[in-house]
*Asks:* 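Dropping a structure here in structure tokens format, bear with me for questions.
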Amino acid sequence: MSFLKINNLSVDYQMRKETVYAAKNVNIEVNKGEILGLVGESGSGKSTVGNAIINLIDEPGKVSGGSVVLGDLNIHENSESIVKYRGNKIGLIFQDPQTSLNPILTIGEQLIETIQTHLKLSKEEAKNKSVNLLKEVGIKDAEKRFDNYPHQFSGGMRQRVVISLALCCEPELLIADEPTTALDVSIQSQILELIKKLTKERNLAVILITHDMGVIAETTDRVAVMKSGDLVEVGITKDILTNPQKNYTKSLVSSVPPTNKKISRFVIIDNENKDNKLNNIKILNRWQKREIKIQDLVQVKNLSKSFDDNFFSESSKNSVMAVNDVSFEIKEGETFGLVGESGSGKSTIAKIIVNLFKPSSGDIFFDEVCITKIKQKSELMKFRKQIQMIFQDPYSSLNSRLKVKDIITEPIKLHNPNISNSDLNSYIFDLLESVELNQKSADRYPHEFSGGQRQRISIARALATQPRLLVCDEPTSALDVSIQAQILNLLKDLQEQLNLTILFISHDLPVVRQMCDRIGVLKDGKLCEVTNTEVLFVKPHHEYTKELLRLMPKIESIYE
């Protein structure tokens, strides 16, 4: 008999001109000791269903129909019963552990507060329970870490604390909403193993909300697939991933990059332009297409960067070495990947290359010129024009107060102040068309676009100065698998037609395998190895690389 029964659940958002249906007549059941995966693209309604279970729907949204039955109790019968079950019968793990924790309270204070809210325990009893919970989720020196603040924990450790908060009142249902999206492969593996272990030991019913099909393959017992608020299909994980019945599910599964081989393009089924390459990029008329020479466009030599963790201290003993004596080259026309955990130094190296950070020591050569030694602003501007960056979060990297045309205009006019208005408008439209957006997009604001469309705008802005090097820092980590496939195909097409050189930074190893010609592996600021992509995946040399590959979620594991 199912422990959780969601019957004909509907969630509506009443807007001024229309009603938006976020979930429509959804029926899902979850058993104790079972992990149900809830998957779909952004806007599919998966998080809405998770929030609706305990009525955490923000206005003007409301649960407009259906019921949620936990055991024998209908927890939507009145608002008091829902409040009673939150944190008590139902535990929640949110995506971002940093925003889930109160920064001005210690971990211990937050645990004790939650426990005493729901359980009749003394402060001493609540403290003992808190310490035991921290130990259970794998936090070493729990007695000492009890008095630490959230910022004193790593991302993975913070997520463990969030899990301990979710479990502290002995819930029977656990809802985990994208619990590993912001984590590296090694930390992700630890968190998922912890959730699986706790599911069995505590006989929990678990709903795991995610868009990562590799995580689904290795973690869940059954899967429910959602699209535009509708439940598309539900079934055993292996059946859904190996023999999907609906076209949308087939599209999701086929869009996942394989981990066991390299493919030329990402498959997109549910798309009008599915596998078509960009046939004509109009900006080529303005782009001085360069012949690729067999040379190193970028040379990173003995690069080091340290940060002082105490601003007022003059002592070097407080400094943190983010990058430690790193050297590598990027050949013109290739895609070079940098992989590693958070804190490995990937993004720091990227920001030094685009001159957002200054190195503590070492040099970077671009087209045989040492750009780290340039002092004059006018000389530096020449190289900034040739090196552009695409950031991880397309929303925060775009100015929300500017229209798209103004966002793209800014770098063009900075480097070409005498361009006429007619040429400028024509160039903007060509750039938008090159990233598969229409001309009407120019007069809209960033918030009017989806995440994938915003990332296309970021790419158009980066192309505006006709760069030779694109630095892509986790450009698809915030995107759904099908949107990710479209963006990565777009980058492949642009590179081929414009002879771009790309530095691709990611912790998503399957994506890196498909995108990169060579890869450098970083750990604790040091470069472990640099080699051709297929060599690294088939015959890795360094033990750390072998461990990363072992921990990588593999959708192919479902076939074993």
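Note that this is a predicted model, so its numbers are computed, not measured. Counting from 1, the numbers follow the sequence of the chain as shown.
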*Asks:* So, the side chain of Lys346 versus the backbone of Glu341: is there a donor-acceptor pair under 3.5 Å, distance only?
*Replies:*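 Flag set: sc Lys346 to bb Glu341 pair under 3.5 Å.
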*Asks:* Can you name the closest pair of heavy atoms from Ser327 and Asn302 and give their distance?
*Replies:*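 Residues Ser327 and Asn302, closest heavy atoms: OG-N, 2.7 Å.
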*Asks:* For residues Val30 and Val206, determine if any side-chain heavy atom of one lies less than 4.5 Å from a side-chain heavy atom of the other.
*Replies:*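 No; the side chains remain at least 4.5 Å from each other.
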*Asks:* Set out, in order, the CA-CA distance, both residues' side-chain angles and the distance that settles salt bridge (Lys or Arg N to Asp or Glu O under 4.0 Å) for Glu29 and Lys5, then state yes or no.
*Replies:* CA-CA 5 Å; Glu29 296 185 0; Lys5 292 182 180 180; 5.0 Å; no
*Asks:* Is the shortest heavy-atom distance from the side chain of Glu193 to the side chain of Lys196 under 4.5 Å?
*Replies:*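 They are in contact (side-chain heavy atoms under 4.5 Å apart), so the answer is yes.
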*Asks:* Under the criterion side-chain contact (heavy atoms from CB on, under 4.5 Å), which of Leu527, Asn324, Thr348 is the partner of Leu522?
*Replies:*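 Option passing the side-chain contact (heavy atoms from CB on, under 4.5 Å) with Leu522: Leu527.
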*Asks:* Determine the minimum heavy-atom distance between Met389 and Lys351, stating which atoms define it.
*Replies:*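 Shortest heavy-atom separation between Met389 and Lys351 comes out as CE-CG, 4.4 Å.
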*Asks:* Only one of Val69, Leu36, Val68 passes side-chain contact (heavy atoms from CB on, under 4.5 Å) with Leu4; say which it is.
*Replies:*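 Option passing the side-chain contact (heavy atoms from CB on, under 4.5 Å) with Leu4: Val68.
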*Asks:* Which pair of non-hydrogen atoms, one from Leu398 and one from Pro446, has the smallest distance, and what is that distance?
*Replies:*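 So the two residues come closest at CB-CG, 4.1 Å.
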*Asks:* Does a side-chain heavy-atom distance below 4.5 Å link Ile191 with Ile163?
*Replies:*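 In contact.
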*Asks:* If you look at every heavy atom in Pro553 and Gln188, which pair is closest and at what distance?
*Replies:*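 Heavy atoms of Pro553 and Gln188 come nearest at CG-NE2, 2.8 Å.
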*Asks:* With sequence neighbours left out, which residue pairs that include part of residues 104-131 fulfil the salt bridge (charged side-chain N to carboxylate O under 4.0 Å, His left out) condition?
*Replies:*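 Only Lys129-Glu170 qualify under salt bridge (charged side-chain N to carboxylate O under 4.0 Å, His left out).
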*Asks:* Apply side chain to side chain contact (heavy atoms under 4.5 Å, CB included) to residues Met321 and Asp524 and explain how you reach the verdict.
*Replies:* CA-CA 8 Å; Met321 187 66 75; Asp524 299 329; over 6 Å; no
*Asks:* Do Arg145 side-chain atoms and Gln152 backbone N/O form a donor-acceptor pair below 3.5 Å?
*Replies:*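 At least one qualifying donor-acceptor pair exists.
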*Asks:* Begin with the C-alpha distance, continue with both residues' side-chain angles, and end with the deciding distance and a verdict on side chain to side chain contact (heavy atoms under 4.5 Å, CB included) for Phe3 and Leu70.
*Replies:* CA-CA 6 Å; Phe3 175 66; Leu70 199 65; 3.4 Å; yes
*Asks:* So, do Leu198 and Glu136 sit near enough that their side-chain heavy atoms are less than 4.5 Å apart?
*Replies:*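 A side-chain contact under 4.5 Å exists here.
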*Asks:* Which distance, rounded to the nearest 0.5 Å, do you find between the CD of Glu529 and the NZ of Lys523?
*Replies:*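 Here the interatomic distance stands at 13.5 Å.
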*Asks:* Do you know the tightest heavy-atom contact between Cys168 and Thr114?
*Replies:*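 Heavy atoms of Cys168 and Thr114 come nearest at SG-CG2, 3.4 Å.
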*Asks:* Would Asp473 and Ser347 count as a side chain to side chain donor-acceptor pair (under 3.5 Å) here? Give the steps.
*Replies:* CA-CA 7 Å; Asp473 189 3; Ser347 294; 2.9 Å; yes
*Asks:* Check whether any side-chain N or O of Ser130 sits under 3.5 Å from a backbone N or O of Gly108 as a donor-acceptor pair, and report yes or no.
*Replies:*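 Here the side-chain-to-backbone pair does not exist.
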*Asks:* Between CD1 of Ile505 and CG of Leu503, what distance do you get to the nearest 0.5 Å?
*Replies:*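 It comes to 4.5 Å.
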*Asks:* Evaluate the ring planes of Phe328 and Phe336, with Trp represented by its six-membered ring, and classify them as parallel (under 30°), tilted (30 to 60°) or perpendicular (over 60°).
*Replies:*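 Rings of Phe328 and Phe336: parallel, as their planes differ by under 30°.
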*Asks:* Any side-chain heavy atom of Val161 within less than 4.5 Å of one from Pro150?
*Replies:*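 Counting from C-beta outward, Val161 and Pro150 never come under 4.5 Å.
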*Asks:* Please enumerate all residues that pass side-chain hydrogen bond (donor to acceptor under 3.5 Å, both in side chains) together with Asp508, with sequence neighbours excluded.
*Replies:*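 side-chain hydrogen bond (donor to acceptor under 3.5 Å, both in side chains) check on Asp508 returns nothing, list empty.
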*Asks:* Are any side-chain N or O atoms of Lys305 and backbone N or O atoms of Gly345, one a donor and one an acceptor, separated by less than 3.5 Å?
*Replies:*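 Pair absent, no side-chain N/O of Lys305 close to backbone of Gly345.
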*Asks:* Would you call the rings of His151 and Tyr149 parallel, tilted or perpendicular, where under 30° means parallel and over 60° means perpendicular?
*Replies:*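 It falls in the parallel class, under 30°.
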*Asks:* Run Ile195 and Leu204 through side chain to side chain contact (heavy atoms under 4.5 Å, CB included) and show every step you take.
*Replies:* CA-CA 10 Å; Ile195 291 174; Leu204 294 169; over 6 Å; no
*Asks:* Return yes if some donor-acceptor pair links the side-chain N/O of Asp221 with the main-chain N/O of Ile35 below 3.5 Å, else return no.
*Replies:*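 It does hold such a pair.
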*Asks:* Give a yes or no on whether the backbone of His507 and the side-chain of Glu474 come within a donor-acceptor separation of less than 3.5 Å.
*Replies:*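 Looks like yes, one N/O pair under 3.5 Å.
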*Asks:* Are Asp177 and Ser47 close enough that a side-chain donor and a side-chain acceptor fall under 3.5 Å?
*Replies:*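 A donor-acceptor contact under 3.5 Å links the two side chains.
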*Asks:* Can you tell me how far apart CD (Gln110) and CG (Asn102) are? Round to the nearest 0.5 Å.
*Replies:*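 So the CD of Gln110 and the CG of Asn102 are separated by 5.0 Å.
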*Asks:* In Å and rounded to the nearest 0.5 Å, what is the CD1 to OG distance from Ile352 to Ser304?
*Replies:*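 Those atoms lie 8.5 Å apart.
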*Asks:* If we check side-chain contact (heavy atoms from CB on, under 4.5 Å) with Leu536, which of these qualifies: Val339, Leu509, Ile519?
*Replies:*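 So, applying the side-chain contact (heavy atoms from CB on, under 4.5 Å) to Leu536 and each of Val339, Leu509, Ile519, only Ile519 qualifies.
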*Asks:* Without swapping roles, check the side chain of Lys144 against the backbone of Lys140 for a donor-acceptor pair under 3.5 Å.
*Replies:*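 No, Lys144 side chain to Lys140 backbone: no donor-acceptor pair under 3.5 Å.
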*Asks:* Would you mind reporting whether Phe153 and Ile107 have side-chain heavy atoms less than 4.5 Å apart?
*Replies:*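 Result yes, sub-4.5 Å side-chain heavy-atom pair found.
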*Asks:* Please answer whether the main-chain N or O of Met552 pairs with a side-chain N or O of Lys554 as donor and acceptor at a distance below 3.5 Å.
*Replies:*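 Yes, because the side chain of Lys554 sits within donor-acceptor range (under 3.5 Å) of the backbone of Met552.
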*Asks:* Indicate the atoms forming the closest heavy-atom contact of Tyr445 with Ser400, along with that distance.
*Replies:*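 Result for this residue pair: CD2-O, 3.7 Å.
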*Asks:* Inspect the surroundings of NZ in Lys526 and state if more than 12 heavy atoms from other residues, nucleotides or ligands are less than 6.0 Å away.
*Replies:*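 Count not over threshold, so no.
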*Asks:* What's the separation between atom CD1 in Ile175 and atom CD1 in Ile53, rounded to the nearest 0.5 Å?
*Replies:*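 Rounded to the nearest 0.5 Å, the CD1-CD1 separation comes out at 4.0 Å.
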*Asks:* Measure the CG-CG distance between Leu194 and Leu167 for me, rounded to the nearest 0.5 Å.
*Replies:*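 Rounded to the nearest 0.5 Å, the CG-CG separation comes to 8.0 Å.
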*Asks:* Does Leu121 offer a backbone N or O that forms a donor-acceptor pair with the side chain of Gln116 under 3.5 Å?
*Replies:*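 Looks like yes, one N/O pair under 3.5 Å.
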*Asks:* Is there a donor-acceptor contact under 3.5 Å from the side chain of Ser506 to the main chain of Val512?
*Replies:*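 Checked: no pair found.
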*Asks:* Report yes if some heavy atom in the side chain of Gln484 is under 4.5 Å from a heavy atom in the side chain of Pro257; otherwise report no.
*Replies:*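 Heavy-atom side-chain distance check passes, below 4.5 Å.
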*Asks:* Quick one: are Leu549 and Pro540 in side-chain contact, heavy atoms under 4.5 Å?
*Replies:*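 Yes, their side chains come closer than 4.5 Å.
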*Asks:* Restricting to salt bridge (Lys or Arg N to Asp or Glu O under 4.0 Å), what partner residues turn up for Glu34, sequence neighbours left out?
*Replies:*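 Counting only residues at least two positions away or on another chain, Glu34 forms a salt bridge (Lys or Arg N to Asp or Glu O under 4.0 Å) with Arg222.
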*Asks:* Side chain to side chain contact (heavy atoms under 4.5 Å, CB included) for Ile483 and Gln455? Distances and angles first, verdict last.
*Replies:* CA-CA 10 Å; Ile483 307 301; Gln455 197 62 294; over 6 Å; no
*Asks:* One pair to check against salt bridge (Lys or Arg N to Asp or Glu O under 4.0 Å): Glu543 and Arg550. What are the steps and the verdict?
*Replies:* CA-CA 10 Å; Glu543 288 302 317; Arg550 185 186 69 80; over 6 Å; no
